[in-house]
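Chain letters run A, B, ... following the sequence lines, proteins first and then strands; every chain starts at 1. None of these values were measured; they are calculated from a predicted model.
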Amino acid sequence: MLDDFMIRATLAGIGVALAAAPLGCFVVWRRMAYFGDATAHAAILGVALSLTFEVSIFAGALAVALMMALAVTLLSRRGHAMDTLLGALSHSALAFGLVAVSFLSGVRIDLMAYLFGDILAVSRGDLAVIWGGAALVVALIGWRWSALLTATLNEELAYASRINPKREQLILTLALAITVAVAIKVVGVLLIAAMLIIPAAAARNLARTPESMALIAAAIGAASAVVGLRSAFVFDTPAGPTIVCVAATVFALFSLLGSRGQRAR
Amino acid sequence: MTLITVQGLGVTYGANAVLRNVGLTVEPGEIVTIVGPNGSGKTSLLKAIIGATRPTAGRVTLKPGLRIGYVPQKLHIDPTLPITVERFLRLTDRVSRADCASALEAAGVPDLLKRQMSMLSGGQFQRVLLARALIKAPDVLLLDEATQGLDQSGSAAFYRQIETVRQETGCAILMISHELHVVMSASDRVICLNGHVCCEGTPAVVASAPEYRALFGTGTGGALALYRHEHDHNHDHDHDHDHSHSHEAAE
């Protein structure tokens, strides 16, 4: 069954969607959308470094994404304005990454594949990495769910409940780095943030509890992967962007439905 | 046994000493109110007690196994986060639906269980926060300016609820407020804070203490007079004249 590239691609897309859904909810709730961007852009630098030192691309991207996420967290605690900080780090990481790639004269590297993903080229090994990473992220978020939720609502409330919000933030950061590293192959660096945010934002219109929002986001993400891949096949469009387009359409539809529902109430 | 003991507490942010040599105790069942001007370190003191701020000097000792119910100053729930009152009450503790309902009852807002937090009024929201703090039968309730954003009659009603809670559950209460005239009537003990403990005692003692008057003014006879003044008008009525003028002047 895994011999068919379309089936491998679909499974890869679903894997990323499942990990991105609960994480994406926290990214939306905590207003850290650009945090996802910054981490993802840094991953390009990770790709360049791992090609230079001939280590696995997953490991390189993970390490640099993690360092980026930690740097942002530490600098923001020192009182830098978050949006300026993210704007500076995110785009400079991308620029440094692109420059670093150009030094790799010996290796031919298809940069487009990392910027926009190449889901149709997913191998069995990639699939194992994606599903392994996704399972790890879902397990991590599931394990810390209430603590993360409490820390997201109010830091003092968390402290009073014997929860350390800084530790929870670190767990979220770690999960984000893993997701970015895993998703590079599927949707690419430029569209990872979309897969995090759009399904969660679409789910907001239907959900009444945090848990239902995460589940609906997972369903929307997985459905977008399946429909997007099929559409890409039929219309001969790039696969990663098509998946994001489908998710964006769902978001637009649900937003219209949601606002109409609000008026009826 | 004493629930909370604070000894020689100092908190410093950078070069800025917010609290120095602060000592206080909270005994079972008593209502202690901390009053003080803006920037006097009231919130830092509460944060040090719950462990959100690390003291730079002294120490905070909690009775072993002390259950704290904490009502934050204000809690902003991002509109992107859907959450029902019931789910919010169950945030950190496994509690039954019956416990949720009775906590809401105790906080004076039954029937909100299925509502979205984002649809609540300011007064309802504060009471849901109170219900969440009450749900695990705390030994002590900590309230950080819990009535910010409520109007005068709303906050007076909130503090009456606090007194009822104390009567019914016997839990101790440590609260911060700037609404002296409303709070003082309900307190057993008042601690006047301005970086250090200026004075401390029953509401009447503190209101007549020179340190307190130096901080809050004497023009209108201090907070006790304000409280009495407020008491004269302590019936629920709608009117458009402002009888908080003397309170404003005193601040």
Side-chain angles (χ1 to χ4, degrees), chain A residues 22 24-33 77-79 144-169 196-217 251 254-255 258-259 261-262 265, chain B residues 13-14 43-44 46-54 60 62 65-95 113-119 125 128-129 132-133 135-136 138 140-146 174 176:
Chain A
C25 288
F26 281 107
V27 168
V28 167
W29 297 333
R30 298 175 80 116
R31 310 221 152 181
M32 47 194 272
R77 276 187 209 150
R78 292 194 177 183
R144 303 304 306 167
W145 182 265
S146 325
L148 277 168
L149 199 56
T150 309
T152 300
L153 280 168
N154 184 281
E155 286 204 352
E156 277 77 40
L157 208 62
Y159 277 116
S161 309
R162 308 271 189 276
I163 295 165
N164 183 349
K166 292 197 175 106
R167 191 184 59 202
E168 304 308 323
Q169 164 90 44
L196 282 170
I197 293 156
I198 296 176
R204 170 62 186 101
N205 297 296
L206 304 181
R208 285 186 52 80
T209 60
E211 292 75 19
S212 63
M213 181 158 152
L215 290 175
I216 297 171
F251 170 65
F254 282 12
S255 298
S259 61
Q262 219 115 61
R265 242 175 272 148
Chain B
Y13 297 130
T43 296
S44 299
L46 220 54
K47 280 186 173 177
I49 291 174
I50 62 170
T53 294
R54 199 179 290 269
V60 174
L62 305 179
L66 183 77
R67 287 193 305 274
I68 292 179
Y70 176 68
V71 182
Q73 187 170 54
K74 55 177 180 256
L75 191 146
H76 171 76
I77 294 189
D78 199 276
T80 59
L81 174 52
I83 188 164
T84 58
V85 169
E86 182 179 5
R87 182 66 187 86
F88 180 75
L89 292 176
R90 289 176 167 172
L91 198 57
T92 46
D93 308 305
R94 288 179 195 281
V95 285
L113 215 52
K114 295 288 165 203
R115 296 276 291 278
Q116 282 287 312
M117 291 294 285
S118 54
M119 308 295 259
F125 197 99
V128 169
L129 288 182
R132 200 205 77 90
I135 209 156
K136 287 265 280 204
V140 60
L141 266 184
L142 300 182
L143 291 91
D144 185 359
E145 304 242 16
L174 176 63
I176 288 177

Which atom of [X] lies closest to which atom of [Y], heavy atoms considered:
X	Y	answer
R87(B)	L149(A)	NH2-CD2, 3.8 Å
Y70(B)	A160(A)	CB-CB, 3.4 Å
T80(B)	R204(A)	O-CD, 3.0 Å

Are the side chains of L46(B) and E156(A) in touch, meaning some heavy atoms are under 4.5 Å apart? no
Please examine the side chains of S146(A) and R94(B), heavy atoms only from C-beta on, and report whether any two atoms are closer than 4.5 Å. no
Among I50(B), D78(B), L81(B), which residue forms the greatest number of heavy-atom pairs with chain A at distances under 4.5 Å? L81(B)
Does any backbone or side-chain atom of [X] lie under 4.5 Å from a heavy atom of chain B? Answer side chain, backbone, both or neither.
X	value
T150(A)	both
E211(A)	side chain
R31(A)	side chain

Between atom CG of L129(B) and atom CG of N154(A), what is the distance when rounded to the nearest 0.5 Å? 8.5 Å
Output for pair (R208(A) CZ, E86(B) CD), nearest 0.5 Å, gives 10.0 Å
Interchain contact, L62(B) with chain A, by part (heavy-atom threshold 4.5 Å): side chain
Bottom line for R132(B): the part with an atom under 4.5 Å from chain A's heavy atoms is side chain
Please identify, among P210(A), S161(A), A200(A), the residue contributing the most non-hydrogen atom pairs under 4.5 Å to chain B. P210(A)
